[in-house]
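Nothing here was measured: the structure is a model prediction, and the numbers come from that model. Reminder, nothing fancy here: chain letters follow the sequence lines and each chain counts from 1.
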Amino acid sequence: MIRTRLQEILDHCFQEGVTRNYWADSAAGAYTIEKPKREGQGDLSTNLAMIVAGRDKKNPRAVATQLVALLADCPLLDRVEIAGPGFVNFYIRPQIWQSVLLDIVALGDRFGISEAGAGKKVLVEFVSANPTGPLSVGHGRQAVLGDAICRLLSATGHQVTREYYYNDAGRQMRVLAQSVRARYRELLGEDPQFPEDGYQGSYIVDIAQEMLQEDGGGLKDQEDLSPFQAKAEQSIFADINGTLERLDIHFDNYFNEHSLYDDGHIDAVVNELRDKGLVYEQDGAVWFKTTELGLPQDRVIIKSTGEPTYRLPDIAYHREKFKRGFDWMVNIFGSDHIATVPDVMAGVRALGYDDSKITVVLHQFVTLMRDGKQVKMSTRKATFVTVDELLAEVGPDVARFFFLMRKADSQLEFDLDLATKQSQENPVYYVQYCHARLCSMLRQAGDKGIHLGTVDHARLDLLVESEELDLLKEMAAYPELLRHAAADLAPHRIIFYLQDLAGKFHSYYNKHRVLSEDVALSQARLWLISGLRTVVRNGLLLIGVNAPETM
RNA sequence: GCGCCAGUAGCUCAGCUGGAUAGAGCAACGGCCUUCUAAGCCGUAGGUUGGGGGUUCGAGUCCCUCCUGGCGCACCA
C-alpha cells in the first residue's frame with residue numbers, strides 16, 4: 001500500500017522532470033521501487049536515476065540530485081538520500097508505518113485480500129488421480145499445492161472453480177477389477193492367477209473382503225468384471241475423498257473423462273481437426289499432424305484398435321473448459337506429465353483457442369526419506385507411502401506446511417524421521433507458537449485489566465523501537481506479498497513470510513516488554529500485538545494451517 | 001541423442017520483473033528461564049552461487065557452452 005503510494009508520487013515526479021526537460025520520457029515504466037536488502041539503505045529505494053542516466057547518457061548521481069529536489073515536501077517521506085551508483089533511498093515517516101495498524105484493525109480477516117483478479121473466472125484442475133489406489137505422498141503434494149493456489153486466487157478476487165478430472169474406464173480399471181477378482185477368489189480358498197501387472201496393495205484384499213461379506217461368495221465364478229470394477233471404484237473413491245476431507249480439501253466439480261465420449265466431444269474434436277487438415281490416417285491409426293504446429297513429431301490420437309490415446313480426451317477436455325467460459329485455466333501436474341503438455345497446447349491452438357489462457361504448474365517429485373534413506377515408491381507394487389499414513393503420523397497442519405515449503409519447481413525432500421519426531425525444530429510449530437503467544441498476551445492484558453481502548457485513540461506514535469518499526473514494515477508488506485504469491489502461483493512465499501514475521505516477533509518479545517506500568521505504552525504495544533495476530537492468523541489460514549490460540 | 005526442472009553454507013532450501021557487502025532453518029559451538037508461553041531468544045562459525053565464456057553502470061537472476069542429478073521422450077495415462 002505504502003509502496004503503491006510512493007510509486008504514484010515517483011511517477012508524478014518523473015513526469016515533472018520530463019516537463020522541465022531534466023530527462024526524456026524513454027525511461028517511463030522501466031524504473032522500479034524496491035526494498036533494499038540491507039539496513040542503512042532506506043525503507044524503499046528506486047533505481048530511477050540509473051535507468052534514466054543509462055538511456056540519456058548522463059551521470060546517474062546528477063540525475064538523482066534532480067529527482068531528490070522534485071521529491072521535496074513529500075508527506076510520506078522523512079528524508080531521502082542518494083547512495084551507491086545512483087540509488088535514491090527513501091526513509092518513510094514512522095507515523096506512516098504506525099498507521100498500518102489502523103488498516104489492519106479496520107480490515108481484520110480481510111487484511112491482505114485484494115481485488116486484483118476481480119471478475120476473472122479461473123478453473124484450477126488438480127489431483128485428478130484415477131481411482132486405482134489410495135493417494136500417495138506425490139498426490140499429497142499436488143493436492144495441498146493446488147488447494148493453496150486456489151486459496152491464493154480466491155484471496156485476490158478470482159472466481160475459482162476447483163476441478164478433479166478422472167478416468168474410470170480403460171485398461172487401468174480393467175486390471176484393477178481383475179486384481180480384486182483374484183483376491184476375492186483367493187479368499188474363497190482358490191488359487192487364481194493374479195494378473196501379471198495387477199495392483200498388489202493390501203487395499204485390494206480389503207475391497208475383496210468387503211465384497212465377500214456383502215455377497216457371501218456368490219461372485220466366485222463371475223466372469224464379468226463389472227461388479228468388481230464398480231465396487232473397487234466406489235471404495236477407492238470413498239477412500240480418496242476421505243483423505244482429501246482430512247486435508248480439508250474440497251472440489252467444486254468432478255469431471256469424468258467418459259462424459260466426453262457420451263456427449264460426442266471426442267468425435268467433434270477429431271472432426272474439427274480433420275476439417276483443418278491436421279489429421280491423417282496411417283497404419284490403421286489416426287494421427288494428429290503436430291509437426292504442422294511446430295512440434296518435432298506427429299502423434300497418434302486414435303490407435304489402430306479404435307481406442308483414443310490420452311491426448312484426444314485431454315484436448316477435448318480443454319476444449320470443454322474453454323466452452324465453459326473460463327478466463328484462465330490452471331493445471332497442476334506432476335513432472336511426469338511434462339510430455340503431454342505441448343501436444344495438448346498444440347491441440348487447443350489448432351482448435352482456435354488461446355492457449356496463453358492455460359497455465360501449467362509442474363511440480364517436481366516428492367522424495368521420501370526414512371531412516372536416512374530414500375524410500376522407493378511404486379503404485380503397482382504398493383511400496384508407496386499414502387497420504388493417510390502421513391496424516392496419521394504428522395497431522396494435517398504439518399503435512400500441509402511441509403508440502404508448501406518448497407516452490408513447485410524444486411524437488412521436495414520429505415524427511416519422515418524429522419516430520420514424525422515429536423519435533424521441536426519443526427517450522428510449523430514455530431509459526432503456530434508465535435500465534436499462540438500473541439493470543440496469550442492479549443488474554444493476559446485482559447486479566448490484568450489493561451484495556452486496549454480504540455485504536456484511533458491509542459498512542460501509536462510510541463511505537464518507535466527499531467524492532468517495532470521492523471514489525472510494522474513487515475506487516476505492511478503482507479498485502480503486496482499476497483498479490484505476488486497469487487500472481488506467481490507460489491504459495492511457498494507465504495510460508496517464508498510467516499517464518500520471517502514470527503522470527504521478528506520472537507526477537508521483539510524477548511527484548512521488549514509489552515505489558516507494563518506505562519498504560520499508554522502498553523496499549524500501543526497491544527495494538528501492535530493485536531495487528532500481528534491478525535496478520536499471522538490470516539497468513540496461516542490462507543495456506544490452510546490452523547492458528548491455535550494456545551499450545 | 002532430444003525436451004523440461006534443478007545445482008546457492010556440512011544438510012534442507014529462500015532470493016519477487018537484473019540492483020548495493022548473497023540470506024534463513026537444521027546440524028555444530030558458547031550463553032539466556034523468580035517477571036507477558038524456553039515449541040523461545042542472543043552470540044560464534046560456516047560460501048569461488050556446479051565449471052568456463054558473454055551481455056552492462058551492475059549477474060545467483062539474462063544469453064552461450066560444458067558437467068552432475070531428477071522427470072519425461074508409446075498405437076500407457
Stepwise salt bridge (Lys or Arg N to Asp or Glu O under 4.0 Å) test for A:Arg459 and A:Asp518 = CA-CA 12 Å; A:Arg459 292 282 313 281; A:Asp518 186 337; over 6 Å; no
Worked check of side chain to side chain contact (heavy atoms under 4.5 Å, CB included) between A:Phe401 and A:Asn426 | CA-CA 10 Å; A:Phe401 201 95; A:Asn426 204 322; 5.6 Å; no
Derivation and outcome, side chain to side chain contact (heavy atoms under 4.5 Å, CB included), residues A:Ile315 and A:Asp343 = CA-CA 8 Å; A:Ile315 293 168; A:Asp343 297 337; 5.9 Å; no
Start with the C-alpha gap between A:His337 and A:Asn331, add the side-chain angles, then the distance that decides, and say whether side chain to side chain donor-acceptor pair (under 3.5 Å) holds.
-> CA-CA 11 Å; A:His337 280 66; A:Asn331 298 343; over 6 Å; no
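Following rounding to the nearest Å, A:Asn510 (CG) and B:A38 (P) show an atom-to-atom distance of 8 Å. Across the protein-nucleic acid pair, A:Leu176 atom CG and B:A77 atom P stand 16 Å apart, rounded to whole Å. As a whole-Å value, the separation of A:Glu125 CD from B:A77 C1' is 13 Å. Distance, A:Met551 CE to B:A38 P: 13 Å, rounded to whole Å.
In terms of modelled atom types and a separation under 3.5 Å, the side chain of A:Trp287 and the main chain of A:Gln282 share a donor-acceptor contact.
Under the Watson-Crick and G-U wobble criteria, each requiring two contacts below 3.5 Å, nucleotide B:G58 is left unpaired. Of the nucleotides present, B:U12 is the one that pairs with B:A24 by Watson-Crick or G-U wobble criteria, both distances under 3.5 Å. In this structure, B:G1 and B:C73 make a Watson-Crick or G-U wobble pair, each of the two defining distances being under 3.5 angstrom. Base pairing analysis places B:C29 opposite B:G43; the two distances defining the Watson-Crick or G-U wobble pair are each below 3.5 Å. Pairing for B:U49 is absent, judged as Watson-Crick or G-U wobble with the two contacts each under 3.5 Å.
If you check every strand for non-hydrogen atoms under 4.0 Å, A:Ser304 touches a base. Heavy atoms of A:Ala487 sit nowhere under 4.0 angstrom from any nucleic acid atom. Nucleic acid contact for A:His363: none, since no nucleic acid atom lies under 4.0 Å from a heavy atom of the residue. Residue A:Lys407 is classed as a sugar-phosphate contact, given heavy-atom separations below 4.0 Å to backbone atoms only. At the heavy-atom level, A:Ile450 lies nowhere under 4.0 Å from the strands shown. Here A:Glu467 lies out of heavy-atom contact (under 4.0 Å) with every strand. No engagement by A:Thr305 is indicated, since no non-hydrogen atom pair under 4.0 Å with the nucleic acid exists. Within 4.0 Å of A:Asp283, counting heavy atoms only, lies at least one base atom of the nucleic acid. Within 4.0 Å (heavy atoms only), A:Asp343 reaches no atom of the nucleic acid at all. Here A:Phe496 lies in heavy-atom contact (under 4.0 Å) with sugar-phosphate atoms only. Using a 4.0 Å heavy-atom criterion, one finds that A:Tyr430 contacts the sugar-phosphate atoms exclusively. Residue A:Ala339 is classed as a sugar-phosphate contact, given heavy-atom separations below 4.0 Å to backbone atoms only. A:Ser516 comes within 4.0 angstrom of no nucleic acid atom, judged by non-hydrogen atoms across all strands. Counting non-hydrogen atoms under 4.0 angstrom, A:Ser410 reaches the backbone sugars and phosphates but no base.
With A:Leu145 as the fixed residue, the side chain to side chain contact (heavy atoms under 4.5 Å, CB included) test singles out one of A:Ile332, A:Leu412, A:Leu489, A:Val127: A:Ile332.
B:U49 and B:U8 have their P atoms separated by 11 Å, given to the nearest Å. A gap of 33 Å separates the C1' atoms of B:U35 and B:A45, to the nearest Å. When the C1' atom is compared between B:A38 and B:U34, the two are found 15 Å apart, to the nearest whole Å. Using C1' as the reference atom, B:G54 and B:U61 are 15 Å apart when rounded to the nearest Å. Rounded to whole Å, the separation between the C1' atoms of B:G53 and B:A14 comes to 28 Å. Nucleotides B:A59 and B:U12 are separated by 25 Å at their C1' atoms, to the nearest Å. For the P atom pair drawn from B:G43 and B:G3, the interatomic distance equals 49 Å after rounding to whole Å. For the P atoms, the distance from B:C26 to B:C41 is 8 Å, rounded to whole Å.
When the side-chain nitrogen and oxygen atoms of A:Arg437 are compared with OP1 and OP2 of B:A38, one or more of them lie within a distance under 4.0 Å. Taking 4.0 angstrom as the limit, A:Lys303 places a side-chain polar atom (N or O) nearer than this to OP1 or OP2 of B:C76.
Using bins of under 30°, 30° to 60° and over 60° for the plane-to-plane angle, the ring pair A:Phe505/A:Tyr509 lands in the tilted bin. Between A:Tyr317 and A:Tyr165, the ring planes lie parallel to each other; the angle is under 30°, not in the 30° to 60° tilted range. Ring geometry for A:His492 against A:Phe496 counts as perpendicular: the plane angle is over 60°, on a 0 to 90° scale with 30° as the lower cut.
Among the nucleotides B:G72, B:C73, B:U12, the one closest to any side-chain atom of A:Arg406 is B:U12. For A:Lys37, counting side-chain heavy atoms from C-beta on, the closest listed nucleotide (B:C75, B:A20, B:A38) is B:A20. In the set B:C42, B:U12, B:C71, the nucleotide with an atom closest to the side chain of A:Glu413 is B:U12. Listed nucleotides: B:C13, B:G70, B:A20. Nearest to the side chain of A:Gln41: B:A20. Nearest nucleotide to the side chain of A:Trp287, out of B:C57, B:A20, B:C75: B:C75. With B:A20, B:G40, B:G19 as the candidates, the nucleotide lying closest to the side chain of A:Glu34 is B:G19. Checking B:C36, B:G15, B:G19 against every side-chain atom of A:Arg493, the shortest atom distance belongs to B:G15. Residue A:Gln297 places its side chain closer to B:C73 than to any other of B:C75, B:C76, B:C73. Among B:C41, B:C36, B:G69, the nucleotide with an atom closest to any side-chain atom of A:Gln411 is B:G69. Side-chain atoms of A:Asp488 lie closest to B:C16 of the nucleotides B:U12, B:C16, B:G15.
Taking for each of A:Arg311 and A:Arg513 the nucleotide of RNA chain B with the nearest heavy atom, the 5'-most of the two is the partner of A:Arg513. Comparing A:His484 and A:Pro85, the nucleotide of RNA chain B nearest to each residue sits closer to the 5' end for A:His484.
For the pair A:Arg79 and A:Tyr91, the cation-pi criterion (under 6.0 Å, within 45° of the ring axis) is fulfilled.
With hydrogens and angles ignored, a donor-acceptor pair closer than 3.5 Å exists between the side chain of A:Asn47 and the base of B:G19. Within 3.5 Å, no donor on the side chain of A:Thr309 pairs with an acceptor on the base of B:A74, nor the reverse. A donor-acceptor contact under 3.5 Å links the side chain of A:Asn89 to the base of B:A20.
Between the side-chain ring of A:Tyr509 and the base of B:G40, no stacking contact exists by the 5.5 Å and 30° definition.
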